[in-house]
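So the structure is just underneath, and the comments pick up after that.
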Amino acid sequence: MTHLARRQALRRIGLGALGASGVPAALAQQVPSAAASAADGSARLLFGIPPGAAGTTLAQALIGQMVSRYTPPIKIEHVLGREARRSAEVVKSALPDGNTLLHAQSALITLFPSVYRELGYAPQADFTPLASLSEYAFMLLVGPRVPASVRTLDDFLRWVGDNPAARQVGVVLKGSQGWLMAQHLVRDRDAPLQPVAYAGTTPVVNELLGGGLAAGIVVTGNAREALADGRLRALAVSSPQRWLGLPDTPCFDEIGLSGMAMTGWYGWFGPAGMAEPVVQRLRAAIGEAMATPELTQALERLSMRPLRETPEQLRERIATETTQYAQAVRQARLSRI
């Protein structure tokens with residue numbers, strides 16, 4: 001199979017063949033109805049990204065520390081479709097009993113409202129914010145397809161100019177921060193790049209390692225082994241200052257791309273209308289679990305920074321970022337999808 005054919009297949013399937021619902025067949029059985037309960041009585045934590053990414057590792061680490069702090073037990077379910085929006089739609093429609101929760105990347109809450117014509121939910125009205133967990137940045141990675149002599153972003157753009165067949169840049173989800181950053185790069189540097197959206201992080205990393213992609217933008221904390229052994233190289237990071245775990249990687253802001261300075265975060269949400277005792281019990285258990293040494297170590301391994309915010313601060317963060325991303329989308333002159 002050619003590089004192009006393989007990329008097209010991976011973009012369509014993410015992990016496996018798509019069914020009529022737009023969900024990989026291998027995971028279709030994991031997509032619950034809004035009113036369904038887990039057969040074993042556990043609560044469900046829905047995540048719209050396929051397994052294998054840093055977000056799943058974070059969720060699993062947190063769930064592990066909540067076992068002794070919260071009942072019923074919580075299990076993660078990967079609910080795919082509609083660029084991760086399906087997971088939010090299921091939680092929106094679930095009973096507000098605390099048994100169906102959302103593990104959300106911040107784009108789902110703060111960026112997507114400015115990107116999609118039909119979002120399927122109202123982020124600030126349809127959910128109960130439970131906790132912000134951690135903050136992450138984004139890396140522009142290059143793989144073995146790019147010569148070792150390419151050491152900077154400018155080097156890479158010159159190399160792509162001479163090798164237009166390598167112009168595609170893999171991003172995770174159309175409408176995400178990585179997608180928005182790629183659009184900014186095309187516009188601000190007049191770069192000969194073509195952003196290509198994949199269903200998850202793992203396909204992007206695998207395509208980089210296999211030479212199908214020359215470059216990709218993914219969340220920090222992913223592809224740790226490949227970065228450590230040099231198979232992948234980070235040319236720039238999106239945080240305002242240099243990011244933990246990547247001390248030698250310049251920020252986009254350092255190289256004159258202030259429009260690409262952005263971070264994201266993970267948070268847990270429930271449906272609107274949850275009873276206050278349930279909300280308080282969940283928040284207390286999450287806070288205790290996040291304060292454990294085990295979670296501190298997990299965040300360090302994932303190159304994430306812990307967030308310690310009150311519910312009011314989380315709501316303020318959501319409102320502020322929603323406004324900022326609306327402005328960023330307008331400045332990039334992007335039409336709604």
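A donor-acceptor contact shorter than 3.5 Å is absent between the side chain of R301 and the backbone of G221. The backbone N or O of V150 lies less than 3.5 Å from a partner atom in the side chain of R233, making a donor-acceptor pair. Under a 3.5 Å cut-off, the side chain of E83 and the backbone N or O of K174 do form a donor-acceptor pair. Judged purely by atom type and a 3.5 angstrom limit, R167 has no side-chain atom pairing as donor or acceptor with the backbone of P192. Between the side chain of T296 and the main chain of T292, a donor-acceptor pair closer than 3.5 Å is present. The backbone N or O of Q331 sits less than 3.5 Å from a side-chain atom of R187, completing a donor-acceptor pair. One N or O on the side chain of R281 and one on the backbone of T71 form a donor-acceptor pair closer than 3.5 Å. A distance-only check finds a donor-acceptor pair linking the side chain of T128 to the backbone of P271 [under 3.5 Å].
Within the structure, the side-chain hydrogen bond (donor to acceptor under 3.5 Å, both in side chains) test picks out the following pairs touching residues 248-267 (sequence neighbours left out): Q105-Y266, E135-T263, R242-E254, W265-E321. Listed by first and then second residue, the ring pair (Phe, Tyr, Trp, His ring centres under 6.0 Å) pairs that reach into residues 138-180 are Y136-F138, sequence neighbours excluded.
From L119, atom CG reaches atom CZ of R85 across 6.5 Å, with rounding to the nearest 0.5 Å. M304 contributes atom CE, which lies 9.5 Å from atom CH2 of W243 (distance to the nearest 0.5 angstrom). Considering CG of L314 and CH2 of W268, their distance stands at 14.0 Å, rounded to 0.5 Å.
Partners of Q280 by side chain to side chain donor-acceptor pair (under 3.5 Å), not counting sequence neighbours, listed by chain and number: E276. Evaluation of the side chain to side chain donor-acceptor pair (under 3.5 Å) rule for Q177 yields S106, Y325 as partners, not counting sequence neighbours. Residues satisfying the salt bridge (Lys or Arg N to Asp or Glu O under 4.0 Å) test with R308, not counting sequence neighbours, are none. Looking at residues two or more places apart in sequence or on another chain, you find a side chain to side chain donor-acceptor pair (under 3.5 Å) between D229 and R231.
No continuous path of hydrophobic side-chain contacts links V67 to L133 [ILVMFWY only; heavy atoms under 4.5 Å].
In this structure, E312 places its CD atom where more than 12 heavy-atom neighbours from other residues, nucleotides or ligands lie under 6.0 Å away.
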